[in-house]
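Lettering of chains follows the sequences in order, A, B, ..., and the numbering in each one begins at 1. Heavy atoms only: backbone and side chains are in, while hydrogens, waters and symmetry mates are out.
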Amino acid sequence: MAQISLTFPDGTAREFPAGTTAAEVAEGISKSLAKKAISASLDGVHWDLQWPIEHDGAIAINTMQDDAPALELIRHDLAHIMARAVQEIWPDVKVTIGPVRDFGWFYDFDRAEPFTPEDLGRIETRMREIVNAREPVRTEIWERERAIRHYEETGEPYKIELIHRIPGDEPIRMYWHGDWQDMCRGPHLLHTGQVPADAFKLMNVAGAFWLGDNTRPMLQRIYGVAFRNRNDLKAHLTMLEEAAKRDHRRLGREMDLFHFQEEAPGQVFWHPNGWRIYTTLQDYMRRRQDRGGYVEVNTPQVVDRKLWEASGHWEKYQEHMFIVEVDEEHAREKAVNALKPMNCPCHVQVFNQGLKSYRDLPLRMAEFGSCNRYEPSGALHGIMRVRGFTQDDAHIFCAEDDIEVETKRFIEFLSQVYSDLGFSAFKVKFSDRPEMRSGSDAVWDKAEAALRQATQAAGAEFELNPGEGAFYGPKLEFVLTDAIGRDWQCGTLQVDFVLPERLDASYIGKDGAKHRPVMLHRAVLGSFERFIGILIESHAGKLPFWLAPRQVVVASIVSDADDYVAEVTEMLRAAGIRAEADTRNEKINYKVREHSLGKVPVILAIGQREVAERTVSLRRLGEKHTRTETLDTLVDTLTQEARAPDMR
RNA sequence: GCUGCUGUAGCUCAGAGGUAGAGCACUCCCUUGGUAAGGGAGAGGUCGAGAGUUCAAUUCUCUCCAGCAGCACCA
C-alpha cells in the first residue's frame with residue numbers, strides 16, 4: 001500500500017498508509033488526543049476526522065480548545081440536529097439548506113403552517129434529546145443518480161435542485177446524524193454528544209426566499225446561536241440586551257431627538273435636540289468641504305421626468321420615485337415630475353451651464369442634497385433607512401487621468417472625517433458591474449480598472465463585492481456597523497463614464513477640442529440620517545461634547561441658588577455652550593438621574609456653598625466623582641471641549 | 001414588496017364578548033433636600049383605521065395602515 005507523509009504543527013513528519021483517516025492519525029499520536037479530537041486541518045482545509053487522507057500534507061488535530069473549528073462544527077452539527085428534530089416532529093416538512101452564520105446557524109424549511117414560538121421550544125427540547133443520546137455521525141460519498149433517486153423517494157425537491165446546482169466534478173456527500181440523513185459538504189463531529197447541550201438556543205423564525213431569489217417560494221428560516229459553553233452563550237445573550245439599549249430608535253425617544261408617525265412613513269420629524277446634532281454635523285462637514293476644495297450648490301426638489309429619462313434613472317428606478325403630477329388647466333399634457341431621488345443629474349445641469357475648460361477641472365461640486373426615494377416598506381429602519389434624507393453628496397468632474405489622484409484625495413478626506421467622528425475602523429468594499437447596467441463593456445473595463453488601481457494606489461484594503469456596482473459605474477463602499485453588528489454603507493465613491501455621456505457634459509481640452517469629463521460620485525457620511533443613527537449607536541447616546549445636543553445642565557440644589565444658576569447658565573451660553581438651567585423643585589438626586597439618563601455630558605450642581613464661593617460642582621456623565629471649579633476655569637475648559645475636531 | 005409577529009395613556013406594559021387598568025412621565029400641593037427616583041393629590045385613552053358577525057366588539061373575522069425580525073431591494 002502506498003505511504004503518505006503528514007507533517008505536524010511541531011515540524012515532525014510521519015508516514016501513514018494512504019487512506020488513513022484523520023481520526024486514525026490522532027489515535028496514532030495519543031489516546032487522549034484521539035478522545036478530544038473534533039476535526040483536523042489538512043493543508044488549511046477543515047477536515048472531517050472520518051475522511052481518508054490520500055496525499056502528503058500538513059496536518060493539525062483540532063480539539064474543542066481550537067476556537068474557530070470548534071464553533072464551526074458545533075454550529076454546523078446543530079443545524080443538522082435541528083433539521084432532524086423538525087422532521088421528527090413534522091415529517092412532512094421539506095428541508096433545504098442550513099449554513100453556519102454569525103454566532104450560530106440557520107436552516108430553511110418549507111412547511112405550510114408557520115412555526116410558532118412554542119414550536120421552537122419543542123424543537124429545542126428534541127434537539128437536546130438528540131445531543132444527549134450521543135448518536136454517531138457517519139458519512140459516505142454517493143453517486144449523483146443515487147442521491148437524486150433517494151430524494152425523489154423521500155420527496156425532497158429542494159435537495160434535488162441543489163444537486164443539479166453542484167458542479168459535475170464535485171462529489172455528493174451524505175451525512176447521517178443517527179438515522180437522519182442530509183446531503184452536506186461537511187465536516188462534522190463524530191457523534192451528536194460532542195455538541196454542548198447547554199450552550200445553544202433557538203432565537204427566531206423569519207421568512208427567506210429560496211436561493212435568495214424573490215421570485216422563488218418563501219421558506220421559513222429558524223435562527224439559532226451556539227457556543228462552546230454555557231457562559232459564552234449567556235455572555236452573548238447579555239450582549240444582545242446591551243445592544244438593544246444602544247438602539248438609536250430607543251435612544252432617539254429617550255433623548256428626545258426625533259420621532260416618526262404614520263402620516264409620513266420613513267421620514268424623520270427632527271426634534272430640537274436631534275436637529276442640533278444634525279446642524280452641528282452639517283456645519284462641520286461644510287467647513288471640511290470648503291477647505292477640501294469643493295464648491296457648494298443647491299438644486300431643485302421637483303424635476304421633470306424628462307431629465308430622469310435622459311439620465312437612465314426613470315427606466316431603472318421609476319417604481320422607487322415619488323411621482324408628482326401637475327394638472328395645469330391649459331396644459332395639453334399632464335406634466336409628470338419626480339421628487340429627486342439623487343442629485344447627480346441636477347449637478348450635471350449646473351456643470352453644463354456655460355462652456356467649461358480643462359482649467360475648470362477637477363470641479364468638485366457638493367450639495368447637502370435632500371432626496372426622496374420610495375423605499376420598500378420592509379427596508380425602512382429607524383433613521384438608518386428612510387424615504388426622505390439628505391446626502392453629503394458631491395460630484396467631481398474631472399479628466400480620466402485625474403481619477404487616481406482624486407480617488408486618493410477622497411479616501412484621505414473620508415479617513416480624516418471618520419477619524420474626527422470617532423470611527424478609526426471601517427470596511428471598504430469594491431463593487432463591480434451589475435447585470436442590469438448602462439454603458440458598454442469597454443467603458444466598464446476602463447472604469448473598473450481605474451477605480452481599482454486608484455484604490456490600491458491609495459493603500460486602501462478592500463473586499464470584493466461582485467455584481468453590486470451602480471448601474472452607471474463601479475463603486476467603493478465605506479461600511480460602518482450598528483449596535484447589533486449589522487453593516488451599513490455610509491461613504492461611497494463611484495466612477496461614472498455613463499452619465500456625462502447621457503446628459504452631454506463636456507469641456508474644452510488643451511487641444512481646443514470637446515472632451516467628456518468623468519464623474520466621480522462621492523459621499524462621506526452618506527446620509528445625515530443614517531450617519532447620525534450610527535453615531536448614536538456607537539456612542540450609546542453619549543455623544544462627544546461638541547456634538548451633544550444638550551451640553552450642560554446647571555441644576556440647583558436649593559432654591560436660594562436660582563439666581564446664581566441663571567447667571568452661570570447665561571455665562572455659558574454667552575460663551576457658545578449649549579447650557580440649560582434646571583431650577584425645578586426636585587432633589588439633586590432626581591435631577592442627576594434624569595439628566596444622566598438624558599445623556600447630558602456635564603451636570604453642574606449648585607447649592608449654598610457654590611453660591612457663596614462663586615464656584616460650581618461639576619459632574620461628568622458616567623463618572624461618580626465631582627469636582628469644584630471656578631467660573632473662569634469652567635468656561636475655559638468647556639469652550640475648549642465644545643470646539644469641533646477641525647477647529648482644535 | 002414577501003413571510004411571521006405586534007398595535008391599549010407621552011413611555012413601558014397588563015386586561016376581558018357587557019364601552020378600561022398599573023408603574024414612570026405630566027399638573028398642583030407639601031417638602032429646600034448635596035450628586036442616579038422625597039411624600040400626597042389630580043388630570044390624562046374614538047383600545048391603529050374601516051367593514052363584518054353579534055342584542056352587544058377595544059376583545060371574534062376580514063381588509064387596510066403603521067411598526068418589529070428576517071429575506072429581497074438600496075441609483
Side-chain angles (χ1 to χ4, degrees), chain A residues 106 108 113-117 203-223 247 249-250 253-254 256 259-266 308 311-321 340-345 371 373-382 384-386 391 434 436-438 468-473 475 477 484 486 488-489 492 494 496 498-499 521 526-527 530 555-562 585-598 603-610 617-626:
Chain A
F106 64 76
D108 289 348
E113 298 75 37
F115 288 110
T116 64
M203 301 300 280
N204 59 319
V205 195
F209 295 109
W210 170 234
L211 300 174
D213 180 343
N214 64 10
T215 63
R216 306 298 304 271
M218 177 149 282
L219 309 168
Q220 296 187 66
R221 175 172 296 180
I222 304 181
Y223 287 89
D247 190 311
R249 292 166 296 186
R250 174 174 173 161
R253 197 168 43 238
E254 288 173 1
D256 194 15
H259 84 273
F260 290 90
Q261 61 188 52
E262 281 195 23
E263 289 80 356
W308 308 113
S311 71
H313 290 90
W314 189 262
E315 191 192 352
K316 192 161 192 305
Y317 289 107
Q318 191 184 344
E319 302 299 314
H320 300 286
M321 291 195 211
K340 73 171 168 185
M342 11 66 62
N343 310 296
C344 27
C371 297
R373 296 177 182 174
Y374 189 77
E375 300 283 13
S377 56
L380 302 178
H381 179 86
M384 307 271 237
R385 185 82 183 267
V386 283
Q391 298 174 313
M436 281 259 289
R437 59 178 182 262
S438 267
E468 297 294 317
F471 74 88
Y472 48 70
K475 66 176 179 180
E477 289 178 37
I484 57 171
R486 288 180 290 207
W488 295 91
Q489 176 194 313
T492 183
Q494 303 162 9
D496 183 0
V498 175
L499 259 193
H521 305 242
S527 85
R530 173 172 300 178
S556 59
I557 296 171
V558 291
S559 52
D560 286 347
D562 286 1
N585 177 14
E586 295 291 349
K587 295 204 165 171
I588 191 64
N589 286 312
Y590 183 94
K591 296 182 184 179
V592 165
R593 176 182 153 84
E594 183 173 290
H595 297 123
S596 298
L597 290 174
I603 298 172
L604 303 177
I606 290 177
Q608 267 146 358
R609 198 162 61 231
E610 287 76 16
S617 164
L618 182 150
R619 178 193 167 111
R620 286 186 187 269
L621 183 57
E623 291 178 10
K624 274 236 147 42
H625 68 274
T626 61

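- Atom CG in Asn204(A) sits about 15 Å away from atom P in rG4(B), given to the nearest Å.
- At a threshold of 4.0 angstrom between heavy atoms, the contacts of Gln494(A) are confined to the sugar-phosphate backbone, with no base atom among them.
- One finds no side-chain N or O of Lys591(A) lying less than 4.0 angstrom from the OP1 or OP2 phosphate oxygen of rG34(B).
- Backbone-only contact: Arg486(A) has heavy atoms under 4.0 Å from sugar-phosphate atoms and none from a base.
- As judged by a 4.0 angstrom heavy-atom cut-off over every strand, Phe260(A) is placed among residues making no nucleic acid contact.
- Atom pair Asn589(A):CG and rG33(B):P shows a separation of 13 Å (rounding to whole Å applied).
- In this structure a side-chain-to-backbone donor-acceptor pair under 3.5 Å is missing from Gln494(A) to Ala470(A).
- Listed for the Arg437(A) side chain is no donor-acceptor partner under 3.5 Å among the backbone atoms of Phe471(A).
- For rU35(B), the OP1/OP2 oxygens have no side-chain nitrogen or oxygen of Arg620(A) closer than 4.0 Å.
- In terms of modelled atom types and a separation under 3.5 Å, the side chain of Ser527(A) and the main chain of Arg530(A) share a donor-acceptor contact.
- In the interface, the side chain of Ser559(A) is paired with the base of rU32(B) through a donor and an acceptor atom under 3.5 Å apart.
- You cannot call Tyr590(A) stacked on the base of rA37(B); the centres under 5.5 Å and planes under 30° rule is not satisfied.
- rG4(B) atom P lies 16 Å from atom CZ of Arg221(A), rounded to whole Å.
- Nearest nucleotide to the Gln489(A) side chain, out of rA66(B), rC2(B), rA75(B): rA75(B).
- Place Arg530(A) and Glu594(A) on RNA chain B by their nearest nucleotides, and Glu594(A) ends up nearer the 5' end.
- Within 4.0 Å of Arg253(A), counting heavy atoms only, lie sugar-phosphate atoms of the nucleic acid but no base atom.
- In this structure, Gln220(A) places its CD atom 12 Å from P of rU3(B), rounding to the nearest Å.
- Note on Phe115(A): nothing from the nucleic acid sits closer than 4.0 angstrom, heavy atoms only.
- Contact annotation: Arg250(A) side-chain N/O to rU12(B) OP1/OP2 distance is not under 4.0 Å.
- When heavy atoms are screened at a 4.0 angstrom cut-off, Leu597(A) is found touching base atoms of the nucleic acid.
- Within the 4.0 Å cut-off from OP1 or OP2 of rC71(B), not a single side-chain nitrogen or oxygen of Arg216(A) is found.
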